[in-house]
**Student:** 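The structure's right below; bear with me while I get my questions together.
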2 protein chains.
Amino acid sequence: MKSDSSVPHVDPPSLAERIRLEMDSFTPSEKRAAHMLLSHYPFAGLDTVAEFASRAGISAPSVLRFVTRLGFSGFPEFQKHLREELEAQLLSPLAKASPSDKTHGAPALASFAESVIGNLRATVENIAPAEFDAVVELLSDQRRPIHFTGGRFTGALARYAESHLRIVRSHVDYIEGQPVLWRDRMIEIGKKDVIVAFDIRRYQEDVTALCEAGAKQGATVILLTDPWLSPIARVARHVLPAHIVAPSNWDSSAGLLLITEALVAAVTKRLWETAKPRMEAVERLRNEKP
Amino acid sequence: MKSDSSVPHVDPPSLAERIRLEMDSFTPSEKRAAHMLLSHYPFAGLDTVAEFASRAGISAPSVLRFVTRLGFSGFPEFQKHLREELEAQLLSPLAKASPSDKTHGAPALASFAESVIGNLRATVENIAPAEFDAVVELLSDQRRPIHFTGGRFTGALARYAESHLRIVRSHVDYIEGQPVLWRDRMIEIGKKDVIVAFDIRRYQEDVTALCEAGAKQGATVILLTDPWLSPIARVARHVLPAHIVAPSNWDSSAGLLLITEALVAAVTKRLWETAKPRMEAVERLRNEKP
DNA sequence: CAAAAGCTGTACCAAAAATTTCAAACAAGC
DNA sequence: GCTTGTTTGAAATTTTTGGTACAGCTTTTG
């Protein structure tokens, strides 16, 4: 693995981050301003001083002192900075890889991160594009019910996938690993169904059993696993392996999460016409909170 | 075409669209203003009238006439509209990108991965080492009960953390977000307890309520959030922000997962003396499967 | 090829916004 | 309990900004 000495494009720390770091040194009313700004970042700062002040429940001069303290010569300059930051963020959603030369962070965290990043790169390289596409295709077929499942640890990832995909399309659910909990649901599973299983080493027998039972009934099985492949691979139609070794007593699931998120992103895009109204509906329901 | 009365929730036509449609009816200098605005939409409109005019190569009054023609009562109102439009777009994962590009398969995965990697690097750089260490310290204190919680999507991460940590040490549980499910458990929470909350934008009020209730009872709150900070930050003792913006209609939780795994790794190491026997015991129980 | 209509910019004004001043309220220290 | 240093907001001040009137120019049209 090569260290990236090449790209020297550090993305400037967001003003929000700086505020967070300096939060302790603020006076009470400055803190109110800071919280107010962060809670609607950065839009709260784009209004007038008076508006900002009243929303934060402080006086205009306090707002001015706040922005001065942040190093700006005045409110307009502060606003200009916010606009530029916003524009930069919006125009290049792609992350600019920043060099991690300055290991000022907790060494533990930093080296752990580098290791995880190595896993992600290795994972991407070992995924067959056709396989990925085929899975996207399957998950985008609205006539096929999708069932997520996973083991002790990976179950959380299956839930994560399910919670997103269920908004994008219908007929998405999560099946608990223990046989007692899925035995009776099995009668519903047929040729149209798709089972997405997460399983890494210390492969869990109940998950394997679930997939085998499903496969026997004609369901299509998709497996997200480690490079040594869970036994589920035998009955799986598509296998997406992720590298999981980390400097820890535990394996890292970051690669699985990466694949999961990429799949969700791809499916969302693919089904955008129908997904958009669904997402909007969820949005609306969320806002009716009283 | 017009009168889309059929489609349920049509999102308001962006001002940009309207401008494009009415482009023909504009006077020459209005067209210059329009082109200028559309080419840097909507940021070009957030500056002052004078700035806008000079960039478009026209005079200030022409700009004023332009916005009046669009139906606004004045320049401030025009700007307000732009800001609101922008905010609506940015805050909702919807509309982040209409599915225009046909990037497919592996390229999608690869670029998604690069973006996520950028997030991880940025996340690591912005975590204060002291903060990370302090959290490890807290989670390693076996006398303190640990409660994990999270929102719709982040709840899965909280579960992931819980499933690992509960093996390393005792007194670890997961609290469901809905108030009805934790109201009664609150009486157990006291000064010794630690609440670890996962919450990213579209911050969830029930999770905030849980943390506030816990904090009021003297519990120590640890928050994993995005750089804009969940309102929970107000009551949190420690805050660990992760970068979450990805080329997707959804946010990426990879940074949160990274922090989570690094924490679990650190705590495991810290408590190794007691953790090892526990892990072995779990292993043994697992193998007695008949 | 005029006369009318429509555009556009200069100059000025009014309004609103940012900034500074200053005194009151508050907290910490002696 | 006084003093000193901070913090804060009301009000005054200054600067900036948006808005308007009007005259010159361009284009259209009879």
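These numbers come from a predicted model, not from an experiment. Here is the naming used below: chain letters follow the sequence lines, and residue numbers restart at 1 for every chain.
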**Student:** Less than 4.5 Å apart, any side-chain heavy atom of I200(B) and any of F153(B)?
**Tutor:** no

**Student:** For a quick test of reading the model, state the closest non-hydrogen atom pair linking V136(B) to A266(B) and the distance between them.
**Tutor:** CG2-CB, 3.7 Å

**Student:** Between dA25(C) atom P and I58(A) atom CD1, what is the distance in whole Å?
**Tutor:** 20 Å

**Student:** Under 6.0 Å from the CZ atom of R32(A), do we count more than 12 heavy atoms belonging to anything else shown?
**Tutor:** no

**Student:** What is the distance, to the nearest angstrom, from the CZ atom on R69(A) to the C1' atom on dT7(D)?
**Tutor:** 11 Å

**Student:** Please give the angle, rounded to 10 degrees, between the axes at the start and the end of the helix from dC1(C)-dG30(D) to dC30(C)-dG1(D), where five pairs define each axis.
**Tutor:** 20°

**Student:** Could you give the CZ-to-C1' distance, from F52(A) to dG9(D), as a whole number of Å?
**Tutor:** 16 Å

**Student:** Counting heavy atoms from C-beta on, name the nucleotide in dA18(C), dG18(D), dT8(D) closest to the side chain of V49(A).
**Tutor:** dA18(C)

**Student:** Could you check how far CG of L64(B) sits from C1' of dA21(D), rounded to whole Å?
**Tutor:** 13 Å

**Student:** Rounded to whole Å, please give me the gap between CZ in F75(A) and C1' in dT20(C).
**Tutor:** 17 Å

**Student:** Does the pair L46(B) and E87(A) meet the rule for a side chain to side chain contact (heavy atoms under 4.5 Å, CB included), with working shown?
**Tutor:** CA-CA 11 Å; L46(B) 296 179; E87(A) 185 169 4; over 6 Å; no

**Student:** Using only heavy-atom distances, decide whether a donor-acceptor pair under 3.5 angstrom links the side-chain of R65(A) to the base of dG9(D).
**Tutor:** yes

**Student:** CZ of F66(B) versus C1' of dT8(C): gap in Å, rounded?
**Tutor:** 16 Å

**Student:** Looking at dT8(D), dG18(D), dT8(C), which one has an atom nearest to any side-chain atom of P28(A)?
**Tutor:** dT8(D)

**Student:** I would like to know whether T274(B) and Q142(B) meet side-chain hydrogen bond (donor to acceptor under 3.5 Å, both in side chains); could you show each step before the answer?
**Tutor:** CA-CA 10 Å; T274(B) 57; Q142(B) 308 237 32; 3.0 Å; yes

**Student:** What verdict does the side-chain hydrogen bond (donor to acceptor under 3.5 Å, both in side chains) test give for E77(A) and H81(A), after you've listed the backbone C-alpha separation in whole Å, the side-chain angles of each residue and the deciding distance to 0.1 Å?
**Tutor:** CA-CA 6 Å; E77(A) 198 199 312; H81(A) 178 92; over 6 Å; no

